[in-house]
Amino acid sequence: MAAPTVCVPGQRIFREGDSYVAGEGTYKRNGFIYSSLAGFLHTDETEEGKKRVEVRADVSKNVVPAVDAVVTARVTNVNPRFCKCAILSVGKTPLRETFRGTVRRDDVRGTEKDKVEMYKCFRPGDIIVARVLSLGDAHSYLLSTAENELGVVMATSEAGGSMVPVSWCKMQCPRTLAEEFRKVAKVQKQFIQDSGT
């Protein structure tokens with residue numbers, strides 16, 4: 001088969017019988033196999049030696065952040081009460097369009113919440129890993145970095161270098177050796193893959 005066969009919903013594909021069985025994206029009616037969605041026709045062998053007929057839509061599934069999901073986001077704005085973020089991915093799945101997120105001052109750390117200074121935790125452009133708390137106001141997700149594994153995973157210094165963590169609250173520029181305050185994530189393997197670093 002040189003070019004993939006395109007199917008549309010309701011299109012009759014094959015007669016169901018000894019050689020063909022219906023798979024994903026298809027349904028059976030009156031002895032025939034029909035396409036249940038728009039996509040490309042695929043066939044493969046089953047263990048019984050029959051051909052399984054499937055129709056696959058070659059589009060990425062739309063993922064929406066859910067409560068308690070771990071997300072990767074870029075900080076866009078910081079003020080004394082909260083920081084605004086653009087959510088880039090949910091788990092390991094990158095999003096086609098970003099969602100808005102907010103990390104409130106009370107949700108930055110699990111302890112000493114009254115001592116949190118937002119400008120010492122995040123800066124615009126930082127890449128953070130956070131957990132979704134809930135759907136907040138104005139279609140903005142409420143995020144939390146109040147776990148050791150959550151917080152800033154990538155940051156750029158004022159000199160333009162990629163900063164490296166030196167403690168749980170500081171990152172250092174490898175060019176100038178200047179240190180800047182951040183709420184640093186204790187990065188684990190799954191979060192490194194999630195953030196794409």
Side-chain angles (χ1 to χ4, degrees), residues 1-77 83-103 107 125-145 147 149-154 162 185 187-197:
M1 190 183 299
T5 304
V6 178
C7 298
V8 295
Q11 179 179 341
R12 188 167 70 184
I13 306 171
F14 291 108
R15 181 183 293 275
E16 187 187 23
D18 296 332
S19 54
Y20 291 105
V21 293
E24 287 187 31
T26 65
Y27 62 93
K28 301 176 285 185
R29 179 175 289 165
N30 298 331
F32 288 94
I33 299 173
Y34 292 84
S35 173
S36 63
L37 49 84
F40 295 97
L41 180 65
H42 292 270
T43 57
D44 59 358
E45 292 281 331
T46 65
E47 293 177 1
E48 296 82 27
K50 295 184 178 182
K51 286 189 177 179
R52 182 187 298 112
V53 180
E54 294 182 348
V55 176
R56 301 178 189 161
D58 289 347
V59 293
S60 56
K61 293 181 179 176
N62 193 20
V63 179
V64 176
V67 173
D68 213 36
V70 174
V71 298
T72 305
R74 179 184 289 111
V75 176
T76 57
N77 191 351
C83 79
K84 294 181 181 178
C85 309
I87 299 173
L88 307 173
S89 65
V90 178
K92 296 180 183 179
T93 308
L95 301 174
R96 285 180 289 174
E97 294 181 12
T98 60
F99 289 93
R100 288 182 292 183
T102 302
V103 180
D107 299 322
D126 288 355
I127 302 296
I128 66 169
V129 174
R131 190 175 299 281
V132 178
L133 290 179
S134 67
L135 176 60
D137 299 331
H139 309 292
S140 178
Y141 287 87
L142 290 179
L143 307 177
S144 170
T145 58
E147 298 172 37
E149 295 80 15
L150 305 176
V152 177
V153 291
M154 288 178 63
S162 293
V187 181
Q188 296 180 349
K189 286 184 180 179
Q190 69 264 30
F191 297 123
I192 293 172
Q193 293 168 353
D194 290 350
S195 63
T197 59

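Just so you know, residue 1 is the first one in the sequence shown, and it goes up from there.
For D68, there are no side chain to side chain donor-acceptor pair (under 3.5 Å) partners two or more places apart in sequence or in a different chain. Under the side chain to side chain contact (heavy atoms under 4.5 Å, CB included) criterion, E147 pairs with R131, E149, L150, sequence neighbours left out. Remark: T46 engages E48 in a side chain to side chain donor-acceptor pair (under 3.5 Å) (not counting sequence neighbours). Partners of S36 by side chain to side chain contact (heavy atoms under 4.5 Å, CB included), not counting sequence neighbours, listed by chain and number: Y27. Annotation: side chain to side chain contact (heavy atoms under 4.5 Å, CB included) contacts of R12 (sequence neighbours excluded): F32, Y34. The side chain to side chain donor-acceptor pair (under 3.5 Å) search around S35 returns none, not counting sequence neighbours.
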Steps toward side chain to side chain contact (heavy atoms under 4.5 Å, CB included) verdict (V129, V152): CA-CA 7 Å; V129 174; V152 177; over 6 Å; no

Derivation and outcome, side chain to side chain contact (heavy atoms under 4.5 Å, CB included), residues V90 and L95: CA-CA 7 Å; V90 178; L95 301 174; 4.0 Å; yes

Full working for side chain to side chain contact (heavy atoms under 4.5 Å, CB included) between I127 and L88: CA-CA 9 Å; I127 302 296; L88 307 173; 4.1 Å; yes

Take V103 and C85 through the side chain to side chain contact (heavy atoms under 4.5 Å, CB included) test and state the conclusion after the steps. CA-CA 8 Å; V103 180; C85 309; 4.2 Å; yes

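With rounding to the nearest 0.5 angstrom, the OG1 atom of T72 is 10.5 Å from the CE atom of M154. A distance of 8.5 Å separates OG1 in T98 from CD1 in I87, rounded to the nearest 0.5 Å. With values rounded to the nearest 0.5 angstrom, T26 atom OG1 is found 11.0 Å from F14 atom CZ. Here H42 contributes atom NE2 and E54 contributes atom CD; the two are 8.0 Å apart, rounded to the nearest 0.5 Å. Taken from NZ in K84 to OG1 in T76, the straight-line distance is 7.0 Å, to the nearest 0.5 Å. With rounding to the nearest 0.5 angstrom, the OG1 atom of T5 is 8.5 Å from the CD atom of Q11.
Between I13 and L41 the shortest side-chain heavy-atom distance falls below 4.5 Å. For the pair V55/F40, no side-chain contact is recorded, criterion being any heavy-atom separation below 4.5 Å from C-beta on.
Considering all non-hydrogen atoms of both residues, L143 and D107 come closest at O-CB, 3.7 Å. Here the shortest heavy-atom pairing between S89 and P94 reads CB-CA, 3.7 Å. The two residues A66 and V132 make their nearest non-hydrogen contact at O-CB, 3.3 Å.
The 12-atom threshold is exceeded at CD of E45, counting heavy atoms of other residues, nucleotides or ligands nearer than 6.0 Å.
Aromatic ring pairs are classed by plane angle as parallel below 30°, tilted from 30° to 60° and perpendicular above 60°; the pair F99 and Y141 is perpendicular.
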